[in-house]
Student: 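Quick one: the structure is below, and I'll ask about it shortly.
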Amino acid sequence: MTTLTLRCLGALEAQLDTEAVTGFATDKIRALLVYLALEPSRPHRRETLLGLFWPEIPQTAAQNNLRVTLHRLRETLNQVQPDVADRLLLSTRQTVQLDPTLVTVDVLTFQSLLAACASHVHEALLGCPDCRVRLQQAVDLYRGELLAGFGLVDAAPFEEWLLLRREMLHQQALAALHTLVQGYERLGDDTQAHAYASRQLALDPSREEAHRQLLRSLARRGLRTEALAQYEQCRRI
């Protein structure tokens, strides 16, 4: 069974099974594919997609643009695997949807891992080895912000959707990294605590609590010079 795999955390990467999908002719095609993949639970009315991607042009022209964009998306997918688009894209005169059973998206996996931690029954999250593994798997998926460097200057509604999703995922990644540092501090593993605190600061250099976590890991390992240098960096920021 064919699987479309999308990596959206960081720069966009797409694969059909093991073959890369790289022939996207326009950013609108990429944006439409990602939007359908990240909103998989329902068919999307074509009118909604028109307002999202072509908000400033007459409806007839927008409808034609959507038809062309869907046609080119189908062509791009079929160039990798003939006729695969008919299985992946569920399209009617009124709606468009990606078949969620044939699509794997790193964003959805990331959020599923965090949701599993939130719903898991344990005495304390920090002491749960299963949830620690889930958090590690989640932050490993977070290569960078959602669709790093991507945007559509002529589609403000899509830009708003993207920025909101981007910020939510960013905050979820920071919270997961923060929890991992706390967990490894509790275990006395200052090397791992240092690594995850450093990743927090790579995502948000002004995050003061992450600076504190990094300082603690350095101090406990007796790295006084490095700890003082880290304090000075935090002070400057």
Side-chain angles (χ1 to χ4, degrees), residues 6-13 27 30-31 34 38 105-118 122 124-129 131-153 155-237:
L6 296 178
R7 299 179 72 192
C8 304
L9 295 169
L12 176 63
E13 296 178 7
D27 283 340
R30 294 183 181 89
V34 169
L38 292 186
V105 191
D106 58 353
V107 173
L108 302 182
T109 304
F110 171 85
Q111 293 184 308
S112 177
L113 288 164
L114 298 184
C117 290
H122 44 226
L125 174 59
L126 296 180
C128 179
C131 287
R132 187 164 59 249
V133 170
R134 293 187 187 100
L135 289 175
Q136 288 173 319
Q137 292 171 337
V139 299
D140 285 346
L141 289 171
Y142 196 84
R143 300 177 298 130
E145 69 177 12
L146 178 64
L147 296 183
F150 185 86
L152 294 178
V153 295
F158 173 80
E159 281 285 287
E160 182 179 358
W161 171 85
L162 176 60
L163 290 173
L164 288 172
R165 290 295 293 265
R166 189 177 273 167
E167 178 61 20
M168 178 183 67
L169 291 164
H170 179 75
Q171 293 302 324
Q172 288 178 324
L174 287 172
L177 287 163
H178 178 82
T179 301
L180 281 169
V181 176
Q182 290 180 309
Y184 280 110
E185 285 182 329
R186 179 172 176 170
L187 292 172
D189 189 338
D190 291 312
T191 300
Q192 286 283 61
H194 181 280
Y196 287 117
S198 296
R199 279 207 60 193
Q200 282 184 82
L201 291 176
L203 296 178
D204 183 359
S206 65
R207 190 173 173 85
E208 187 174 347
E209 178 53 33
H211 283 283
R212 292 196 191 101
Q213 290 177 324
L214 194 54
L215 282 167
R216 287 198 297 268
S217 71
L218 291 167
R220 281 194 296 265
R221 292 155 67 197
L223 300 174
R224 176 180 172 81
T225 301
E226 290 85 345
L228 290 171
Q230 182 63 38
Y231 173 79
E232 181 58 25
Q233 179 184 349
C234 177
R235 189 190 64 78
R236 285 197 306 270
I237 292 172

Student: Look at R220 together with D190 and state whether they make a salt bridge at an N to O cut-off of under 4.0 Å.
Tutor: yes

Student: Can you measure from NE2 (H178) to CD (Q200) and round to the nearest 0.5 angstrom?
Tutor: 7.0 Å

Student: So with a 6.0 Å cut-off around CD of E208, is the heavy-atom count from everything else above 12?
Tutor: no

Student: Search all heavy atoms of S206 against all heavy atoms of I237 and return the closest pair with its distance.
Tutor: CA-CG2, 3.9 Å

Student: Without swapping roles, check the side chain of R7 against the backbone of E13 for a donor-acceptor pair under 3.5 Å.
Tutor: no

Student: Determine whether a donor-acceptor pair (N or O, by modelled atom type, separation under 3.5 Å) exists between the side chain of S112 and the backbone of L108.
Tutor: no

Student: Hey, what do you get for CG (D106) to SG (C8), rounding to the nearest 0.5 Å?
Tutor: 5.5 Å

Student: Donor-acceptor check, side chain of R199 to backbone of V139, threshold 3.5 angstrom: yes or no?
Tutor: yes

Student: For F110, what residues pass the ring pair (Phe, Tyr, Trp, His ring centres under 6.0 Å) criterion, not counting sequence neighbours?
Tutor: Y142

Student: Quick one: list whatever passes side-chain contact (heavy atoms from CB on, under 4.5 Å) with R224, sequence neighbours left out.
Tutor: L228

Student: Ignoring hydrogens and geometry, is there a side-chain-to-backbone donor-acceptor pair from H211 to P205 under 3.5 Å?
Tutor: yes

Student: Please tell me whether Q171 and E167 have a donor and an acceptor in their side chains that are separated by less than 3.5 angstrom.
Tutor: yes

Student: Could you give the distance from CD (Q136) to OH (Y184), rounded to the nearest 0.5 Å?
Tutor: 3.5 Å

Student: Quick check: are there more than 12 heavy atoms from other residues, nucleotides or ligands sitting under 6.0 Å from CD of Q137?
Tutor: yes

Student: Within the side chain of R143, is there an N or O that forms a donor-acceptor pair under 3.5 Å with the backbone of L9?
Tutor: yes

Student: So how far is it from D27 CG to F150 CZ, rounded to the nearest 0.5 Å?
Tutor: 4.0 Å

Student: Between E159 and R165, does any side-chain N to carboxylate O distance fall below 4.0 Å?
Tutor: no

Student: The criterion is side chain to side chain donor-acceptor pair (under 3.5 Å); which residues satisfy it with T225, sequence neighbours excluded?
Tutor: none

